[in-house]
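What follows is a set of notes on a single structure, which appears directly below.
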Amino acid sequence: SSGYLEYDQDVLLPKDWTHVGRVDPSEEVELTFALKQQNLELLEETLRLVSDPGSAQYGKHLSLQEVASLVRPSELTQKVVRRWLQAHGVSNCRTVRTQDFLQCTMTAEVAEVLLPGSRFHRYVRDRRSIVRSSAPYSVHEEVHQHLDFVGGLHRVPPREKDVRVKHRPSKGEV
Amino acid sequence: HLGVTPAILRARYNLTAADVGSGQNNSQAVAQFLEQYYHPADLAEFMAMFGRTFPHRSEVDRVVGTQGGGKAGLEASLDIEYIMSTGANVSTWVFTNPGRHESQEPFLQWMVLLSNMSDLPWVHTISYGDDEDSLSTAYMMRLNTEFMKAGVRGISLLFASGDSGAGCRHQGKDKNTFRPSFPASSPYVTTVGGTTFKNPFKVTYEVTHYISGGGFSNVFKMPDYQASAVEGYLKSVTATLPPQSYFNTSGRAYPDMAALSDNYWVVSNRVPIPWVSGTSASTPVVGGMLSLINGQRLSKGLPALGFLNPRLYKLKGQGLFDVTEGCHQGCLDEQVQGKGFCAAPSWDPVTGWGTPNYPALLAALLS
């Protein structure tokens with residue numbers, strides 16, 4: 001109703017992260033904006049063809065430049081997102097060759113205005129400290145349709161990867 | 001034997017001393033996300049101890065990202081030591097993505113990096129995953145597109161299937177479901193499960209390792225390339241199938257293949273460590289072998305394997321040892337009593353199509 005829309009978001013932080021407190025508004029955060037790509041059906045079909053040994057296209061892989069030509073966000077998407085960021089004074093951004101990600105650095109204060117609803121806090125686990133938002137963010141409806149999600153707000157590194165060292169079992173356990 | 005070493009793996013998967021990379025135009029990579037650093041001295045010591053029977057490299061060719069100091073991580077040590085043992089003498093990279101800023105997501109950083117580098121290794125192995133239900137659908141869908149972007153470039157992405165079997169999600173009183181893991185559940189990656197020797201002290205045939213992750217996605221629908229294999233499984237094992245309320249029969253089913261995942265030796269912080277287990281071990285082992293196959297293909301003027309699954313499922317198990325014994329773990333409740341899915345002839349959601357028989361797989365994938 002306010003002209004802002006939310007994405008589907010995974011807000012809940014695992015309980016093993018300890019809340020330290022709100023970050024200072026002047027602290028920098030880096031957010032990753034995933035811009036809407038084009039031709040995704042064609043990308044999927046191309047992948048099917050180049051990976052299917054029964055296809056004449058099998059093995060005819062694309063270069064990064066060709067992938068970029070295929071999925072690069074539309075001029076409109078790029079313009080709308082950049083204009084939105086600039087309007088909030090966010091100019092420290094870098095893109096990638098496929099132009100479908102923008103990584104921007106800004107203060108937490110600016111980020112919270114840019115993404116209404118977000119509130120940045122610091123959390124610690126073991127010796128690791130991270131800054132994440134405790135609440136879902138929204139973006140203006142004009143921008144919403146041009147983004148897939150904004151990264152750097154919610155997801156945290158897992159505690160362990162898929163490896164373990166087991167103890168030698170005792171005879172009783174066996 | 002007293003645990004899995006490169007020699008044991010190479011014996012089981014029929015890799016001879018001549019089955020190593022020629023070193024030309026071929027490379028492989030492991031990606032690390034949790035401030036997990038390998039230590040060059042560990043790799044050198046590991047190869048000195050365990051690499052005497054085959055030509056190999058003892059150094060990583062390129063580290064992308066910041067190689068941290070201090071203690072080595074067990075995960076990083078395992079990944080690099082074993083991809084360089086089966087993918088021996090192949091140029092190897094490490095992507096290290098600790099997240100420079102406190103607000104960075106290391107996995108996302110790695111994905112962004114792939115979109116920005118034109119020359120990448122052909123095979124990447126990643127031993128990392130989250131429960132599907134802990135991630136937003138928007139995020140998973142976009143990452144799935146990023147995996148497509150890599151696949152269409154001819155890059156093979158291999159993910160560990162996870163170490164919780166079918167997993168278990170408690171959904172209120174007396175109601176459980178299996179818990180799939182992402183990116184293992186993406187239809188555009190090759191997911192690797194785990195096995196163990198039938199006799200843990202001999203190079204015997206393999207059986208299911210109970211930790212081997214596997215099951216059916218609740219987010220991604222079943223891709224066409226696997227529909228027939230999965231349908232065959234579901235029809236043939238009705239007696240041992242868990243109740244259908246535990247899993248989504250129309251979802252992407254995984255893993256796609258497997259390798260040994262139990263009782264590995266790893267050198268970390270200069271100490272040889274036994275009893276290391278997990279699909280973190282099986283994934284680089286398979287990755288290394290695919291790199292060798294890529295090397296053979298490239299030397300014959302053929303393209304790299306790229307996204308393997310459509311071809312793997314067409315092989316219907318050719319070039320692989322079928323794993324048909326054992327079940328992985330599931331929910332510990334009255335209905336399934338700790339059991340998830342069970343292995344069966346042909347494809348199954350515990351070990352996929354099975355484990356590599358290198359010369360046969362090479363022959364099948366060289367045509």
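Not measured: the values here are computed from a predicted model. Per chain, numbering begins at 1; letters A, B, ... match sequence-line order.
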From A:Phe101 CZ over to B:Asn116 CG, what is the distance, rounded to the nearest 0.5 angstrom? 10.5 Å

Highest number of heavy-atom pairs under 4.5 Å with chain B among A:Leu153, A:Val11, A:Leu62, A:Asp52 belongs to A:Leu62

May I ask you to test the A:Gln37-B:Thr145 pair for a side-chain heavy-atom distance under 4.5 Å? yes

A side-chain contact here means heavy atoms from C-beta on lying under 4.5 Å apart; do A:Asp10 and B:Ser134 qualify? no

Report the C-alpha distance between B:Met148 and A:Thr46 in whole Å, list the side-chain angles of each, state the deciding distance to 0.1 Å, and finish with yes or no for side-chain contact (heavy atoms from CB on, under 4.5 Å). CA-CA 9 Å; B:Met148 277 195 258; A:Thr46 307; over 6 Å; no

Is it true that B:Ser103 and A:Glu30 share a donor-acceptor pair across their side chains at a distance under 3.5 Å? no

Assess the side chains of A:Gln103 and B:Gln104: does a donor N or O sit below 3.5 Å from an acceptor N or O? no

For A:Asp8 and B:Ala138, indicate whether the former's side chain and the latter's backbone hold a donor-acceptor pair under 3.5 Å. yes

Counting N and O atoms only, with roles assigned by atom type, does the side chain of A:Arg132 sit under 3.5 Å from a partner on the main chain of B:Glu102, one being a donor and the other an acceptor? yes

Would A:Arg48 count as a cation-pi partner of B:Phe307, with NZ or CZ less than 6.0 Å from the six-membered ring centre and within 45° of the ring normal? no

Give the ring-plane orientation class for A:Phe149 versus B:Tyr139, where under 30° counts as parallel, over 60° as perpendicular and anything between as tilted. perpendicular

Side chain from CB out, backbone as N, CA, C, O: work out which of these in B:Lys149 comes under 4.5 Å of a heavy atom of chain A, or both, or neither. both

